[in-house]
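Quick note on labels: first sequence line is chain A, next is B, and so on, each numbered from 1. Heavy-atom basis, side chains included; hydrogens, waters and symmetry copies ignored.
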Amino acid sequence: DAMVIQNPRYQVTQFGKPVTLSCSQTLNHNVMYWYQQKSSQAPKLLFHYYDKDFNNEADTPDNFQSRRPNTSFCFLDIRSPGLGDAAMYLCATSRAGFDTQYFGPGTRLTVL
Amino acid sequence: DQQVKQNSPSLSVQEGRISILNCDYTNSMFDYFLWYKKYPAEGPTFLISISSIKDKNEDGRFTVFLNKSAKHLSLHIVPSQPGDSAVYFCAARFNNAGNMLTFGGGTRLMVKP
């Protein structure tokens with residue numbers, strides 16, 4: 001089945017210790033997105049890739065970086081996690097020009 | 001500044017009755033609206049959408065209504081089933097903004113048997 005996969009599902013890191021979350025897709029979609037969702041809040045777009053073109057949201061902190069080495073994979077790097085970065089991180093994909101975004105199950109990040 | 005709002009954090013409905021989930025938006029430039037459903041430990045899944053040129057879209061038990069003058073949309077589920085229990089997110093897209101979506105905070109629907 002075509003899908004969006006996120007690893008790991010749960011990640012625990014220490015304050016200030018870099019962490020990488022990964023997302024892969026078998027849908028062959030052009031666009032990949034990273035969202036941050038804090039408890040009982042709306043998912044907030046951090047950035048997205050249109051093919052290899054990276055697009056950062058204006059209010060995404062510099063602490064968050066992303067890499068897309070190929071069509072199938074996208075990574076979210078948090079360089080120095082703070083307590084406020086504890087959240088669910090959702091990866092999504094879509095075909096260019098279409099609005100339906102397909103989400104992965106998310107990675108729940110805990111910062112100790 | 002929250003441009004898409006779901007003012008009811010939760011809703012409880014009896015099985016077989018109608019569930020009505022509401023969503024308000026502030027920006028008149030939004031031209032496409034979507035509803036996503038999210039079960040625990042899963043990502044949101046697309047449910048139904050509506051373009052701003054329509055006022056109603058129906059898909060089986062799910063109907064979305066759009067009132068542009070009021071900047072309000074609603075999702076009706078009839079009849080509600082226990083399997084519908086989930087968090088429902090409303091999302092909106094700007095004109096010419098590609099696939100960028102702005103989400104509401106979600107409403108947790110509980111359908112009681």
field: Test item: A:Gln101 and A:Thr93 side chains (from C-beta on) under 4.5 Å apart, heavy atoms
entry: no

Backbone N/O of B:Lys37 and side chain of B:Thr45: donor-acceptor pair under 3.5 Å: yes

- prompt: Could you name the residues of residues 41-57 of chain A that have a heavy atom within less than 4.5 Å of a heavy atom in chain B?
  reply: A:Gln41, A:Ala42, A:Pro43, A:Leu45, A:His48

- prompt: A:Gln37 versus chain B, heavy atoms under 4.5 Å apart: side chain, backbone, both or neither?
  reply: side chain

- request: Answer yes or no: is there a side-chain heavy-atom contact under 4.5 Å between B:Thr63 and B:Asn57?
  value: no

- request: Could you give me the CA-CA distance, side-chain angles and deciding distance for B:Arg61 and B:Asp84, then say whether salt bridge (Lys or Arg N to Asp or Glu O under 4.0 Å) is met?
  value: CA-CA 11 Å; B:Arg61 296 186 297 115; B:Asp84 296 328; 2.7 Å; yes

- prompt: With respect to the side-chain SG atoms, do B:Cys90 and B:Cys23 come within less than 2.5 Å?
  reply: yes

query: Side-chain donor-acceptor pair under 3.5 Å between A:Ser24 and A:Ser72, yes or no?
result: no

- request: Check the pair A:Asn7 / A:Ser22 against side-chain hydrogen bond (donor to acceptor under 3.5 Å, both in side chains), numbers first and verdict last.
  value: CA-CA 5 Å; A:Asn7 285 305; A:Ser22 77; 4.7 Å; no

- prompt: Are A:Cys23 and A:Cys91 close enough, and set up right, to give a disulfide (SG to SG under 2.5 Å), and what steps lead you there?
  reply: CA-CA 6 Å; A:Cys23 176; A:Cys91 174; 1.9 Å; yes

message: Using side chain to side chain contact (heavy atoms under 4.5 Å, CB included), reason through A:Val19 and A:Arg79 one step at a time and then give a plain yes or no.
response: CA-CA 7 Å; A:Val19 66; A:Arg79 293 191 296 188; over 6 Å; no

- request: Report the C-alpha distance between A:Tyr35 and B:Phe103 in whole Å, list the side-chain angles of each, state the deciding distance to 0.1 Å, and finish with yes or no for ring-ring contact (aromatic ring centres under 6.0 Å, His included).
  value: CA-CA 11 Å; A:Tyr35 289 87; B:Phe103 283 88; 5.6 Å; yes

- prompt: Taking only heavy atoms into account, what residues of residues 103-112 of chain A are found under 4.5 Å from chain B?
  reply: A:Phe103, A:Gly104, A:Pro105

field: Main-chain N/O of A:Arg9 paired with A:Gln6 side-chain donor or acceptor, under 3.5 Å
entry: no

- prompt: Side-chain heavy atoms under 4.5 angstrom apart, residues restricted to Ile, Leu, Val, Met, Phe, Trp, Tyr: same cluster for A:Ile78 and A:Tyr10?
  reply: no

field: Heavy-atom donor-acceptor pair, A:Tyr33 side chain to B:Met100 backbone, under 3.5 Å
entry: no

statement: Residues of residues 105-113 of chain B with a heavy atom under 4.5 Å from any heavy atom of chain A, in residue-number order, are B:Gly105

- prompt: Is B:Phe89 linked to B:Phe65 within one hydrophobic cluster, defined over Ile, Leu, Val, Met, Phe, Trp and Tyr using a side-chain heavy-atom separation of less than 4.5 Å?
  reply: no

- request: Write out, in numerical order, the residues from residues 67-76 of chain B with a heavy atom short of 4.5 Å from a heavy atom in chain A.
  value: none

task: Go through the steps for A:Leu21 and A:Gln11 under the test side chain to side chain contact (heavy atoms under 4.5 Å, CB included), then give the verdict.
output: CA-CA 8 Å; A:Leu21 311 181; A:Gln11 176 74 56; 4.2 Å; yes

- request: Inspect the surroundings of CG in A:Asp59 and state if more than 12 heavy atoms from other residues, nucleotides or ligands are less than 6.0 Å away.
  value: yes

task: Over 60° means perpendicular and under 30° means parallel, so classify the ring planes of A:Tyr102 and A:His29, tilted if in between.
output: tilted

